[in-house]
Number of protein chains: 2
Amino acid sequence: MRLSKRGEYGLRAMIILADVQKNSPTGMIQIKEISAREEIPAKFLEQILLALKNAGLVHSKMGVGGGYYLARPSKEITLGQIFRTLDGPLAPVKCVSQMAYEPCGCPDEETCGLRMVMGDVRNAIANILDTTTLATVIKRVEAARA
Amino acid sequence: MRLSKRGEYGLRAMIILADVQKNSPTGMIQIKEISAREEIPAKFLEQILLALKNAGLVHSKMGVGGGYYLARPSKEITLGQIFRTLDGPLAPVKCVSQMAYEPCGCPDEETCGLRMVMGDVRNAIANILDTTTLATVIKRVEAARA
DNA sequence: CATAAAGTCTACTAGTATTATAGACTTTAT
DNA sequence: ATAAAGTCTATAATACTAGTAGACTTTATG
């Protein structure tokens, strides 16, 4: 059940963007700055941020003084949205996916034991990632620091 | 968050073995029989069952009339044990793994937002897979059939 | 207007993991 | 003796992952 580096870097970057939105006047930060802070290869991060941009989760400004910033308030962006953009469906098997359902090949889905359990797992993950926003994360981090 | 074919096939095979333990006098079944029922490539399944055997979850009998059977009553085998044997740790990132901890590289683990959330995800998955036994699954399947 | 800072876009590559397949071997019942 | 069954190790084909490269566009500013 591993999170890919792509997903990990993307989530870390988004958490930074949320922090910047809250604590910097412009709310903007450059790729290389995020890359330096989190030790993420800059060129790799570039692709990830681009994907997040195409998904409408961040906006960017080109040219001198440009950078990336969240497309919406951090409380309106869930980790589920970020995860799905970068790593695809949450569900362990396609036949329990809400966003990308496909049959699994079991003769009867309704009585497939594996499917039942994986459905529970999917829901448990979705319950966390779809209700946790970037604002939630920032709040927890600040609480842990205090 | 995808389940590998290896993990999927292994879990399906174990559910069959639990059913066989409950409903057949010998409690034993052959690879090719499981392979046929679930449309799993026989040679692939062979390796998977071997891994489960080396992990002590199933026993086998060689020769004519041989086959595989559960090493313990189905209520003493959790899906978590099976999953970990075939697919490794449940945790999305190593730094929240109970069974295979490794640092992630964040400067301070205690205040890492990603780590907090992934810890929750790990616990949610573990809560399901470590409390669900093969017996649980069989019961649910029978309830769904009725 | 030249320049440098910044993002955009696409292609590529090395390494690793996944999903098998093959085949020679061992054990056991009949 | 034979055939049914599991054991074990090697290999192959493919896909995926993580990362690199480089040419391009946009924009602020001296």
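If you take CD of B:Gln30 and P of D:dA4, they are 12 Å apart, rounded to a whole angstrom. The interatomic distance linking B:Leu49 (CG) with C:dT19 (P) rounds to 17 Å, in whole Å. Rounded to whole Å, the distance from CD1 on A:Ile48 to C1' on C:dT8 is 15 Å. To the nearest angstrom, P of C:dT8 lies 11 Å from NE2 of A:His59. Rounded to an integer number of Å, the gap from NZ of B:Lys5 to P of C:dA20 is 7 Å. The CG atom of B:Leu3 sits 11 Å away from the P atom of C:dT18 (whole-angstrom rounding). Here D:dA5 presents its C1' atom at 14 Å from CD of B:Glu33, a figure rounded to the nearest Å. The nearest whole Å value for the distance from the CD atom in A:Glu8 to the P atom in D:dA18 is 9 Å.
Minimum interatomic distance between B:Met28 and B:Gly65 (heavy atoms only, all atoms of both residues): SD-O, 4.1 Å.
When the shell of 6.0 Å around CD of A:Glu76 is examined, it contains more than 12 heavy atoms from other residues, nucleotides or ligands.
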Output field dot_bracket for DNA chain C (Watson-Crick or G-U, both distances under 3.5 Å, | for other-strand pairs) contains ||||||||||||||||||||||||||||||
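Look at A:Tyr69 and you won't find any side-chain N or O under 4.0 angstrom from OP1 or OP2 of C:dA6. When the side-chain nitrogen and oxygen atoms of B:Ser4 are compared with OP1 and OP2 of C:dA17, none of them lie within a distance under 4.0 Å. Taking 4.0 angstrom as the limit, B:Arg2 places a side-chain polar atom (N or O) nearer than this to OP1 or OP2 of C:dT19. For C:dA20, the OP1/OP2 oxygens have a side-chain nitrogen or oxygen of B:Tyr9 closer than 4.0 Å.
A salt bridge is defined here as a Lys NZ or Arg NE, NH1 or NH2 lying under 4.0 Å from an Asp or Glu carboxylate O, and A:Asp87 with A:Arg2 fails to meet this definition. At a threshold of 4.0 Å, the pair B:Lys139-B:Glu142 does not count as salt-bridged, since none of the basic side-chain nitrogens sits closer than that to a carboxylate oxygen.
Using a distance-only test at 3.5 Å, with no hydrogens or angles considered, a donor-acceptor pair links the side chain of B:Arg6 to the main chain of B:Leu86.
Sulfur-to-sulfur, B:Cys95 and B:Cys104 sit under 2.5 Å apart at their SG atoms.
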Tell me, with the steps shown, if B:Arg115 and B:Asp108 meet salt bridge (Lys or Arg N to Asp or Glu O under 4.0 Å). CA-CA 10 Å; B:Arg115 188 166 173 279; B:Asp108 179 15; over 6 Å; no
I would like to know whether B:Ser60 and B:Lys53 meet side chain to side chain donor-acceptor pair (under 3.5 Å); could you show each step before the answer? CA-CA 8 Å; B:Ser60 62; B:Lys53 183 188 172 163; 2.9 Å; yes
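Checking D:dA5, C:dT8, C:dT19 against every side-chain atom of A:Lys53, the shortest atom distance belongs to C:dT8.
Using a 4.5 Å heavy-atom cutoff, the side chains of A:Met118 and B:Leu79 are not in contact.
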Base-contact (B) and sugar-phosphate-only (S) positions in nucleotides 20-30 of chain D, heavy-atom cut-off under 4.0 Å, - elsewhere: BBB--BBBB--
